[in-house]
Each structure stands twice: as structure tokens, then as C-alpha cells.
Undergrad: 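Pasting in a structure now, in C-alpha cells, and then I'll have a few things to ask.
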Amino acid sequence: MDISSRSPFRIVLLATGGTIEKSYDASAGALTLDVPVIDTLLATLDQPDVQVDVRRVMSIDSLDMGEAERAEVVTAARAALAASDVDAVVITHGTDTLAQTAQALATALDTPRLPIVLTGAMRPYRVADSDAAQNVAQALMAARLLTPGVYAAFHGRVIPAGRIVKDYERLTLIESAT
């Protein structure tokens with residue numbers, strides 16, 4: 001049976017923080033990662049044939065993510081891939097270092113047995129005109145359609161690990177030319 005036709009399609013979503021999960025703290029006058037939003041975001045999506053198991057790995061800005069935190073993401077992805085009742089893995093992540101984490105996953109896992117799709121947002125879910133729900137919905141769909149490997153799904157694009165670049169001018173992720 002082709003797993004993309006499985007019903008429900010079972011995804012483990014590993015949440016790591018990043019802009020997608022930031023909220024405005026009026027007292028501090030700053031964006032913070034104090035209130036998780038992924039469950040709330042998922043509840044707004046109409047995906048009756050998709051079952052998402054959210055697992056919080058960490059809650060940090062990706063600029064604060066070093067090799068130890070990337071290793072935690074790899075470990076969490078390995079654990080998700082080891083389960084027999086999982087069809088794909090989606091990882092929410094800050095965009096500033098998403099490419100590095102994707103590469104770390106691709107290197108550590110070589111060819112994973114399932115698709116692993118990273119996504120995030122340029123604007124927090126809780127602010128006007130956020131791209132968070134769009135990117136998460138696209139990542140969930142991409143996870144169902146892609147062959148095993150590590151990718152980013154963002155603003156209507158799917159980009160393989162090793163080719164992901166953040167375009168700071170256009171505020172999106174693009175595929176490198178080389």
C-alpha cells in the first residue's frame with residue numbers, strides 16, 4: 001500500500017520554536033516564545049484525513065540554536081522515524097538557521113525511511129498577515145506527497161536539504177543555484 005493514501009495519514013510534528021511560535025508580550029514590549037501556538041494553529045486547519053501528533057522538542061529562537069540543540073532535533077526525528085505508526089515528520093523551526101538543521105538531519109539520517117519536512121514563518125502566527133498557517137498546511141501536504149528525504153516547505157516551494165537558503169530581501173526561503 002502506498003503510504004500517501006493511508007487514512008488517516010499520521011504525522012509527528014516536532015516543534016522547536018522560532019518566529020512561527022512567537023507572541024507579543026505587551027509588558028515586555030517584545031516578541032517572546034512563552035506561549036506555544038502549534039496546537040492552536042493546527043486546530044484552524046481542515047485536514048480530516050491527517051492525524052498530527054505534536055511533540056515539543058524545545059522553544060527557542062533559531063539564532064540561539066547551536067550544535068547541541070540541532071543534535072536534540074536529530075534525536076527527536078530519529079525517535080519519530082523509529083515508530084511503526086508514523087508516515088512522515090514535520091518540524092517547525094525558525095527560518096534563520098532552518099537550512100543548517102535540515103543539513104544536519106540529512107547528514108545524520110542519510111536517507112530517512114520517511115519524508116522529513118521543515119517549515120516556519122516570517123511573521124508569527126499570532127500577528128496580522130502571518131504566513132504560519134499557510135506554511136504549516138503546505139508542509140503537512142508536502143509530507144504526504146514527497147519521497148523519503150529531508151526538505152523545507154515554505155511559501156509554495158519544496159526545497160531539498162543542502163539547497164535551502166533564506167532570502168532576507170524577499171523574506172522567504174529559496175533554492176540555491178548550486
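Along the sequence shown, residues are numbered consecutively beginning with 1. What you see is a predicted model; the values in this text were computed from it and never measured.
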Undergrad: Between N135 and Y125, is any side-chain donor less than 3.5 angstrom from a side-chain acceptor?
TA: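 No.
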Undergrad: Checking D167 now: which residues fulfil salt bridge (Lys or Arg N to Asp or Glu O under 4.0 Å) with it, not counting sequence neighbours?
TA: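 D167 satisfies salt bridge (Lys or Arg N to Asp or Glu O under 4.0 Å) with R170 only.
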Undergrad: Do D61 and K22 have side chains that approach each other closer than 4.5 Å (heavy atoms only, starting at C-beta)?
TA: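 Yes, at least one pair of side-chain atoms sits under 4.5 Å.
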Undergrad: Under the rule for salt bridge (Lys or Arg N to Asp or Glu O under 4.0 Å), what residues qualify as partners of D131, not counting sequence neighbours?
TA: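 By the salt bridge (Lys or Arg N to Asp or Glu O under 4.0 Å) rule, D131 matches no residue at all.
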Undergrad: Sequence neighbours left out, what passes side-chain contact (heavy atoms from CB on, under 4.5 Å) with T97? Give chain and number order.
TA: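 Per chain and number, T97 pairs via side-chain contact (heavy atoms from CB on, under 4.5 Å) with S62, M65, R70, H93, Q100.
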Undergrad: Within the structure provided, determine whether T119 and L140 are in side-chain contact (heavy-atom separation under 4.5 Å).
TA: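 A side-chain contact is absent here, since even the closest heavy-atom pair is not under 4.5 Å.
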Undergrad: Taking D53 first and then R10, would you say they form a salt bridge - that is, a charged N and a carboxylate O separated by under 4.0 Å?
TA: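 Salt bridge flag = no for R10 with D53.
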Undergrad: Please say whether more than 12 non-hydrogen atoms of neighbouring residues, nucleotides or ligands are located less than 6.0 Å from CE in M58.
TA: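 Yes.
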Undergrad: Quick check: do I116 and L81 have side-chain heavy atoms less than 4.5 Å from each other?
TA: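 Yes. Closest side-chain heavy atoms under 4.5 Å.
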Undergrad: Who passes side-chain hydrogen bond (donor to acceptor under 3.5 Å, both in side chains) against T111, sequence neighbours left out?
TA: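 Expected list: none.
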Undergrad: For residues L173 and H155, determine if any side-chain heavy atom of one lies less than 4.5 Å from a side-chain heavy atom of the other.
TA: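 No, their side chains stay 4.5 Å or more apart.
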Undergrad: Hey, are the side chains of D129 and R123 touching, using non-hydrogen atoms and a 4.5 Å cut-off?
TA: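 Answer yes - side chains close enough.
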Undergrad: What pairs with R163 under salt bridge (Lys or Arg N to Asp or Glu O under 4.0 Å), at least two apart in sequence or on another chain?
TA: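 If we apply the salt bridge (Lys or Arg N to Asp or Glu O under 4.0 Å) test to R163, skipping adjacent residues, the hits are E175.
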Undergrad: For E169, give me all partners under salt bridge (Lys or Arg N to Asp or Glu O under 4.0 Å), at least two apart in sequence or on another chain.
TA: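 Salt bridge (Lys or Arg N to Asp or Glu O under 4.0 Å) list for E169, sorted by chain: empty.
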Undergrad: Under 4.5 Å between any side-chain heavy atoms of L41 and T92, yes or no?
TA: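 A side-chain contact under 4.5 Å is absent here.
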Undergrad: Are any non-hydrogen side-chain atoms of T95 and F154 less than 4.5 angstrom apart?
TA: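 Yes, their side chains come closer than 4.5 Å.
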